[in-house]
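Below is one structure, written out as structure tokens; comments come after it.
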Number of protein chains: 2
Amino acid sequence: MALKAVKTKVSLADKAYRELKHKILDNELHSGQQMTEAEVSVLLNMSRTPTREAMLQLASEGLIELKPRHGMRVKPISIDDMQEIYEVLTGLESTAAALCATKGLTSEQLSLMHDAVNTMNETLDRDDLTEWARADEQFHRYLVEFADNNRLKHLVSNFIEQSHRFRMLTLKMRPKPTNSNKDHLDVISAIENRDSEKARLIHHQHREKSGRMLISLIKNVGLNHI
Amino acid sequence: MALKAVKTKVSLADKAYRELKHKILDNELHSGQQMTEAEVSVLLNMSRTPTREAMLQLASEGLIELKPRHGMRVKPISIDDMQEIYEVLTGLESTAAALCATKGLTSEQLSLMHDAVNTMNETLDRDDLTEWARADEQFHRYLVEFADNNRLKHLVSNFIEQSHRFRMLTLKMRPKPTNSNKDHLDVISAIENRDSEKARLIHHQHREKSGRMLISLIKNVGLNHI
DNA sequence: AAATTTATTAATGTATACATTATATGATCT
DNA sequence: AGATCATATAATGTATACATTAATAAATTT
């Protein structure tokens, strides 16, 4: 039996969206950097139409801003922006934690969350902060995915992306996150016990605290924007 | 001195977006109704390009879904969708209530909220449910606006829009909302007392209860979608 | 009559052309 | 040198043309 190549047709607009987003999140396109539609279409090697659609989408997601006759600009994130982003993200994830406790999780789901906590411990032990951050984000994404609310999941994903650059910037500046996992385990425990208020509260305090710390780190370095 | 006409240049894409949105929210375009790009461009009397941009935006906001070669479809809202929407909306608005209490409101802001409550009482007294709903929504929008977080405000606005059709559908089916304003006043009081947990909790229970009621009303009529 | 195959049509995604006009540049004046 | 005005240019928003191909209709086979 001949093996057929699986061919998923990706539109150019979708390709443009993904590539631009990747360049922004990985700092290949810097904060404040401007590009006209024509420049973006040259960069991505396609006509203006799909790049324009991609840019409109990224603008609605808050990663870039569009200025007529000046094209797109990678949105600098001010301290106020960070504050806003964290307030929303904290509220959304706490809602997810509460929903997990209300709806209940399977043992497989709980196991995955424990795995993420274990990975965080291991990566901390060997001082691998990048991998720690990955496992941390994975834990948070599980929390939201298992809340079983697709709209919530997409919202949180967008806010995690918006916060990506300042989380990565501060990763090497912050104290080693040795207490993080106590909160994570307490949240898991509250979920297991179906205590939605406790799950919500613990996670809320956890997120609020880390948001405050990130913001003060950035302020202490004298940055107004990133 | 000659009076100059104030001219704000609105793009056709923006015009298309607003008109389509208006038609959906006011049920001029019915749930499940399909239109190809060409049909929409005839309806709106413009070329496909701006209508396409408008449709992409409305799709990302969840009011329509796009299906290649079939165009757009006004998104029917299932019971599950309603549940999701209310879970998110409840979480977001509760976050706003808590933020209002944390940040504190001016006496003007508090006065506006009291005005909305008074309007609700008056409209209830004369059995004007449509105006009551307007005042109710106004109260909720104040809550979010005064939380002073632009991202949160836009999110809530989008979810209020998504919930608009089923709120309007159930408006005449629901019991007269005689207890609503006790909750509203309690929230205002908690905000005045700078008690963020209490503001959050009261509002959360309030929203959760009304969400459950709306959903059960729709189920009792035997509808799976609206 | 139902199932399968073939041909045709039309819908989208993209590229390109065009019109409008904001912005940059250059010239002139103070 | 700085301010103002005029002009040219280029960026966007829109319309239109084109290529691809999914979906539908028609023809053929069972």
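Proteins come first, then strands; the chains are lettered A, B, ... in the order of their sequence lines, and each starts at number 1.
- A donor-acceptor contact under 3.5 angstrom links the side chains of A:Gln57 and A:Glu61, judged on distance only.
- In this structure, the CD atom of A:Glu53 is 13 Å from the P atom of D:dT14, given to the nearest Å.
- Distances were taken from every side-chain heavy atom of A:Thr49 (C-beta onward) to each of C:dT14, C:dT12, C:dA10; the shortest belongs to C:dT14.
- Toward the 5′ end of DNA chain C lies the nearest nucleotide of A:Pro50, the other residue of the pair A:Pro50 and A:His70 mapping further downstream.
- Nearest to the side chain of A:Ser47, among D:dG13, C:dA15, C:dT14, sits C:dA15.
- Atom NZ in B:Lys15 sits about 15 Å away from atom C1' in D:dG13, given to the nearest Å.
- Take B:Arg207 and apply the side chain to side chain contact (heavy atoms under 4.5 Å, CB included) test, not counting sequence neighbours, and it matches B:Tyr86, B:Leu89, B:Thr90, B:Glu93, B:His140, B:His203, B:Ser210.
- Distance CG (A:Leu12) to P (C:dT12): 17 Å, rounded to an integer number of Å.
- Nearest-nucleotide positions on DNA chain D place A:Met72 closer to the 5' end than the other of B:Asn45 and A:Met72.
- Residue A:Arg48 places no side-chain atom within donor-acceptor reach of the base of C:dT14, judged by atom type and a 3.5 Å distance cut-off alone.
- The distance between atom CZ of B:Arg69 and atom P of D:dT24, rounded to the nearest whole Å, is 9 Å.
- For A:Lys67 and A:Ser11, each mapped to the nucleotide of DNA chain C holding its nearest heavy atom, the one lying further toward the 5' end belongs to A:Ser11.
- One interatomic measurement links the two molecules: CE of B:Met46 to P of D:dT16, which rounds to 13 Å at whole-angstrom precision.
- If you take CD of A:Glu37 and P of C:dA15, they are 13 Å apart, rounded to a whole angstrom.
- At D:dG13, one or more side-chain N or O atoms of A:Arg52 fall inside 4.0 Å of OP1 or OP2 (strictly under the cut-off).
- Look at A:Arg151 and B:Glu87 and you find no salt bridge, because none of the NZ, NE, NH1 or NH2 atoms lies under 4.0 Å from a carboxylate O.
- Every pair passing salt bridge (charged side-chain N to carboxylate O under 4.0 Å, His left out) that includes a residue from residues 33-43 of chain B is listed here, sequence neighbours excluded: B:Glu37-B:Arg48, B:Glu37-B:Arg52.
- A salt bridge links A:Arg134 with A:Glu131: the distance from a Lys NZ or Arg NE/NH1/NH2 to an Asp or Glu carboxylate oxygen falls below 4.0 Å.
- Regarding A:Met35, its CE atom lies at a distance of 11 Å from the P atom of D:dT12, rounded to whole Å.
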